[in-house]
Trainee: 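What follows is a structure written as structure tokens; I'll ask about it next.
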2 protein chains.
Amino acid sequence: MPDRAPVAAPVPAGDPAAAFARHDHARCAATAREVTARACAERGLRLTEIRARVLAILCESHAALGAYDVLDRLREDGRKAQPPVAYRALDFLVVNGFAHRIERLNAYIACGHPGDDHAPAFMICRSCRRVAECAAPAAAAALSPQAAAMGFEIERVVVEAEGVCPDCRASARETGGETGA
Amino acid sequence: MPDRAPVAAPVPAGDPAAAFARHDHARCAATAREVTARACAERGLRLTEIRARVLAILCESHAALGAYDVLDRLREDGRKAQPPVAYRALDFLVVNGFAHRIERLNAYIACGHPGDDHAPAFMICRSCRRVAECAAPAAAAALSPQAAAMGFEIERVVVEAEGVCPDCRASARETGGETGA
DNA sequence: AAGTGCAATGTTACAGGGTAACGTCATGCC
DNA sequence: GGCATGACGTTACCCTGTAACATTGCACTT
């Protein structure tokens, strides 16, 4: 589903609410790609053609894409790509902080703050699959005391909220039905 | 991997630390099964033979089991079970709060507080797959303000910390190697 | 230029996770 | 008995992910 946003006021790209609000998405996507390219150059990472293409595909919308969705898009380009091609590019982007894996969906989104070291949380719309990336250090931090008490060493925290985005809530009200797709 | 716990002091069953600490697991498992059975009786839910068997399988250890692991165990009983059999039983247990799905692992564990309405967080050992269930209302609550600000309606929050449990940390130190399996 | 090493890509083949759809069976209710 | 409902049995399939190995391209050395 494309990024429709009929109601909310415009927000700047990079804002957590951007995924669910009207914004200049062309600029939003271009910025993400440029920032990623710059970060790669600075850190000696090779943003190859395939990797850049996969990033561009993810940047096209704020909806999470499965690896096979990405693979299909690569094939539409005329490539005869096999699954590892998509997974390798996605791994590169995720490992280096240019994209995120959404565990709940087994899917991927472009990062809203590429290159930054951050502890993201996600708001996932179960109706349109769009995902908003938020900074939520408090959520992860809330686990530290308990981890310490039991001697558990935390390496990574997944925080994913599932629900319904403002647009899909509005659609549901209009049709008088439930919010499910 | 079985529930080894060579170091920590005993803890009561139901304690968040139980998964990673020495405890009377036979009693821990029996309690979970009994509490679940009672909750089903009270709420008019049918804890059928298959469902009870799947719960018992999950209760055998604090390690997360994949649906196909459960399926294999069912087949060892002599059943000729197909995947939907395992998934239906697991769905029943998860929906009614008697088991949890660990998104990070695509796997399942028995609930430590069956029947209670709670907002669990999980500590997942990436080495032995054991999972400790914690109460972490603060983690989920930390997202509410941002969700409200963007008009997102949260229905469920997944909080999963991945890392290394005390036992596996100790093992890693002994062998002088990394913590990976 | 030839040689070497490494990172990335190409390709095959398969393992693991999950579900739609339909038929059958048991249970409880009128 | 007749009926509705929920659980189970079974088939067939789709989606997700990876091991393993071949090949290519690039950078750096000698």
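In what follows, every heavy atom counts, from backbone to side chain, and hydrogens, waters and symmetry copies are set aside. Order of the sequence lines fixes the chain letters, A, B, ..., with proteins taken first and strands second; residue numbering starts at 1 for each chain. In this text the structure is predicted, and so the values were computed from the model without any measurement.
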Trainee: Send over the distance from A:R104 CZ to D:dC15 C1', rounded to a whole Å.
Mentor: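 Nearest whole value for this atom pair: 16 Å.
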
Trainee: Just how far, in rounded Å, is P of C:dC6 from CG of A:L45?
Mentor: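 For the pair A:L45 CG and C:dC6 P, the rounded distance is 18 Å.
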
Trainee: Relative to the 5' end of DNA chain D, which residue comes earlier, B:N106 or B:E49, by the nucleotide with the nearest heavy atom?
Mentor: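 Of the two residues, B:E49 wins.
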
Trainee: Using whole Å, report how far CG of A:L71 lies from P of C:dT9.
Mentor: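 So the CG-P distance, A:L71 to C:dT9, works out to 14 Å.
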
Trainee: Can the ring centroids of B:Y108 and B:H100 be said to lie less than 6.0 angstrom from one another?
Mentor: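 When the ring centroids of B:Y108 and B:H100 are compared, they turn out to be at least 6.0 Å apart.
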
Trainee: Any non-hydrogen side-chain atom of A:F92 less than 4.5 Å from a side-chain atom of A:I50?
Mentor: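 No, their side chains stay 4.5 Å or more apart.
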
Trainee: Atom CG of A:L47 and atom P of C:dT9: how far apart are they, to the nearest Å?
Mentor: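 In whole Å, C:dT9 P lies 10 Å from A:L47 CG.
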
Trainee: Return the residues of residues 92-100 of chain A meeting this criterion: a heavy atom under 4.0 Å from some atom of DNA chain C. Order them by number, or give none.
Mentor: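 Heavy-atom cutoff 4.0 Å gives no residues at all.
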
Trainee: How long is the line joining CZ of B:R51 and P of C:dA26, in whole Å?
Mentor: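 It is 16 Å, rounded to the nearest whole Å.
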
Trainee: Go through the steps for B:I109 and B:L58 under the test side-chain contact (heavy atoms from CB on, under 4.5 Å), then give the verdict.
Mentor: CA-CA 6 Å; B:I109 60 168; B:L58 291 182; 6.0 Å; no

Trainee: Whole angstrom is fine here: how far is it from CG in B:D91 over to C1' in D:dC8?
Mentor: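 Going from B:D91 (CG) to D:dC8 (C1'), I get 14 Å.
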
Trainee: May I ask you to list the residues of residues 72-88 of chain B, by number, that have any heavy atom positioned under 4.0 Å from an atom of DNA chain C?
Mentor: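 By residue number: B:P83, B:P84, B:Y87, B:R88.
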
Trainee: So B:E103 and B:R156, salt bridge (charged side-chain N to carboxylate O under 4.0 Å, His left out) or not? Walk me through it.
Mentor: CA-CA 13 Å; B:E103 301 292 341; B:R156 184 192 166 208; 3.5 Å; yes

Trainee: So, the side chain of B:H25 versus the backbone of B:H23: is there a donor-acceptor pair under 3.5 Å, distance only?
Mentor: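 Checking the backbone N and O of B:H23 against the side chain of B:H25, no donor-acceptor pair under 3.5 Å is found.
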
Trainee: Test salt bridge (charged side-chain N to carboxylate O under 4.0 Å, His left out) on A:R79 and A:E49; report intermediate values, then the result.
Mentor: CA-CA 12 Å; A:R79 301 174 191 274; A:E49 190 187 343; 3.2 Å; yes

Trainee: With side-chain contact (heavy atoms from CB on, under 4.5 Å) as the criterion, how do A:R129 and A:I124 come out once you've worked through the C-alpha distance, each side chain's angles and the decisive distance to 0.1 Å?
Mentor: CA-CA 6 Å; A:R129 279 178 72 100; A:I124 307 167; over 6 Å; no

Trainee: Tell me the interatomic distance from B:R46, atom CZ, to D:dT5, atom C1', rounded to whole angstroms.
Mentor: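 Rounded to the whole Å, the gap is 9 Å.
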
Trainee: Provide, to the nearest angstrom, the distance between the CZ atom belonging to B:R101 and the C1' atom belonging to C:dG16.
Mentor: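 In whole Å, C:dG16 C1' and B:R101 CZ are 12 Å from each other.
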
Trainee: Would you confirm whether B:D91, through its side chain, and B:R88, through its main-chain N or O, come within 3.5 Å as a donor-acceptor pair?
Mentor: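 Side chain of B:D91 to backbone of B:R88: no pair is present.
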
Trainee: Find out whether A:C165 and A:C128 are in side-chain contact, i.e. whether some heavy atom of one side chain is under 4.5 Å from a heavy atom of the other.
Mentor: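 Yes; the side chains approach each other to less than 4.5 Å.
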
